[in-house]
Amino acid sequence: MSIIGATAGDLLSRMDRGELSSVEVTTAYLDRIAEFDAKVGAFLSVDRDGALKQAAVVDQKRQARQPLGALAGIPVGVKDVLCTAGQTTTCASRMLQNFVPPYDAHVVTRLKTADAVLIGKTNMDEFAMGSTTENSAFQVTHNPWDLERTPGGSSGGSAAAVSAGMAPLSLGTDTGGSIRQPAGFCSVVGLKPTYGRVSRYGLVAYASSLDQVGPFANDVAGAAILAEVISGHDPRDSTCVNAPVPSYLQNLEQPLAGLRVGIAKEHFVAGLSPEVERTVRTAVDVYKSLGAEIKEVSLPHAKYGVAVYYLIAPCEASSNLARYDGVHYGHRASQFNNMIDMYATSRGEGFGTEVKRRIMLGTYALSAGYYEAYYVKALKVRRLIRQDYDQAFQQIDVLASPVSPNPAFKIGEHLADPLAMYLEDIYTISANLAGLPGISIPAGFTATGMPIGLQLLAAPFEEERLLRAARMFEKATDWHKQQPKL
Ligand code: GLN
């Protein structure tokens, strides 16, 4: 049986049985990257030597029957927005092109403690702002299902890496859909945990009240293992909740009796592609056939999600990105006339177009006179969106919806029209505004063979239920077994 395309769980048990070593597994993925990543462009850097060294250490531990972590010997790709000590962390920005952090992000420390093998850093939209990975300052990532199309974004590299069999697992971040949307576009599983479930320490901030780290995997169990490894309290992130993390794997195979699946009438409106709608409705029928009760709920404020997000996220971004001033770290212009000019030129050279657009939008919305009218109003509507969900989740366990209104678009298609691109985030962003956990799972394909995902959302800290519900669907369908031909 092959290594490429195998699930993390399968690789773990074969290594435990002594049929495979981590060096063999890691070598297979490194070779796969060497062979195909010129086409896909998923990785910004690959740590061949470091990965093989770590794999050898894990193999020795296994042979010596020493205690092993939950991901012992499994290669994992890490989005380049997460700090890795001694390894560049660029955020796909010229601003941080040569930045080598002196410390690991909390989730990276957790990976290392779990004996995972860090295989490389994945491409993304600059500072996680975007939906196509085209905003990377360094390279475009291509969708493994059709190289002329985008893998989605901003965690497009992490999604494409798993989809193309270049890593069984990877980490991404999701501020407005950046895990779920690329997972849907690439036919892999992507989980955004509840806000506060996973520490943001060492995650380079985009919009701090929305950012969350989460797993990509080629099956639900893989996402469950990785989610369990990274979740839990860390005092270095004051928003990280001190609550026990249940085992996501333990009951994963047990179907949920009496599951109540909701659909929101506001989700099936103009702008939704008929193929996506059909796929989501078929998926809901699958739940029905598994004994779930289907209930219609209402999310009256859902339609304001895009407007609210594209105020709050740029406001927070304008504040967070103020730190790149050419002084502390990051890019500094080589020529300038005075101090103010040094700031302006360094930032002008270091940031790309989309990042500049958002800094300007956010700075404008936060300025005197507009703060109350835009930012504070957006915060109020954010609360209403959360209340809609609180009410809905009194009647249902999970909400089923599209991930995106359309399947993966062509590279370059939306670049000239940022607003059209922002509108594509309509189904994912409200989970971030409300802090809810959400998952995207493979649910079908268009007539031309492009993947379509199903999104499930749940009440805060209900990841266990969400993953079990996702596993019920996965067990009943074959979509996740299909792999792109490269
Ligand atoms: N597409 C959204 C944006 O551009 C979401 C990005 C994200 O989740 N990081 O902001």
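In each ligand, atom 1 is the first atom listed, and ligand 1 is the first ligand listed. The basis for the numbers below is simple: all heavy atoms, side chains too, and nothing from hydrogens, waters or symmetry mates.
- Within the 4.0 Å heavy-atom criterion, the part of Tyr206 lying near ligand 1 is the side chain and not the backbone.
- Taking the six-membered ring wherever Trp is involved, the centroid distance between the rings of Phe185 and Trp145 does not fall below 6.0 Å.
- For the pairing with Ser93, the side-chain contact (heavy atoms from CB on, under 4.5 Å) check across Phe127, Phe138, Phe99 returns one residue only, Phe127.
- Interface of Ser131 with ligand 1, defined as ligand atoms under 4.0 Å from a residue heavy atom, comprises 1 (N).
- For the pair Thr173 and ligand 1, the shortest N or O to N or O distance does not fall below 3.5 Å.
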Test side chain to side chain contact (heavy atoms under 4.5 Å, CB included) applied to Leu226 and Ile74, step by step: CA-CA 11 Å; Leu226 185 48; Ile74 297 288; over 6 Å; no

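- Here the options are Thr122, Ile119, Asp37, the test is side-chain contact (heavy atoms from CB on, under 4.5 Å), and the partner is Met166; only Asp37 passes.
- Nearest protein neighbour of atom 2 (C) of ligand 1, counting heavy atoms only, is Asp425 OD2, 3.2 Å.
- In Arg358, the part holding a heavy atom less than 4.0 Å from any atom of ligand 1 is the side chain.
- Residue contacts with ligand 1 for Thr175 involve both N, CA, C or O and side-chain atoms from C-beta outward (heavy atoms, distance under 4.0 Å).
- An N or O contact shorter than 3.5 Å is missing between Gly153 and ligand 1 by distance.
- Asp397 CG to Leu457 CG: the interatomic distance, rounded to the nearest 0.5 Å, is 13.0 Å.
- Annotation: Tyr375 is not in aromatic contact with Tyr370 [ring centroid separation under 6.0 Å not met].
- Proximity of Gln181 to Ser404: side-chain heavy atoms (C-beta onward) are separated by under 4.5 Å at one or more points.
- Where the criterion is an N or O separation shorter than 3.5 Å, residue side chain and backbone included, Gly176 meets it with respect to ligand 1.
- The atoms of ligand 1 that sit less than 4.0 Å from any heavy atom of Tyr309 are 2 (C), 3 (C), 5 (C), 6 (C), 10 (O).
- Counting heavy atoms under 4.0 Å from ligand 1, residue Ala128 touches it through both backbone and side chain.
- Ranked by closest heavy atom to atom 7 (C) of ligand 1, the top entry among Ser178, Ala313, Ser155 is Ser178.
- Here is the list of ligand 1 atoms found below 4.0 Å of a heavy atom in Tyr310: 1 (N), 2 (C), 3 (C), 4 (O), 10 (O).
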Test side chain to side chain contact (heavy atoms under 4.5 Å, CB included) applied to Ile411 and Thr132, step by step: CA-CA 8 Å; Ile411 288 170; Thr132 60; over 6 Å; no

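- Here Phe127 has no heavy atoms under 4.0 Å from ligand 1, in either its backbone or its side chain.
- Taking the six-membered ring where the residue is Trp, Tyr304 and His301 present tilted rings, their angle falling between 30° and 60°.
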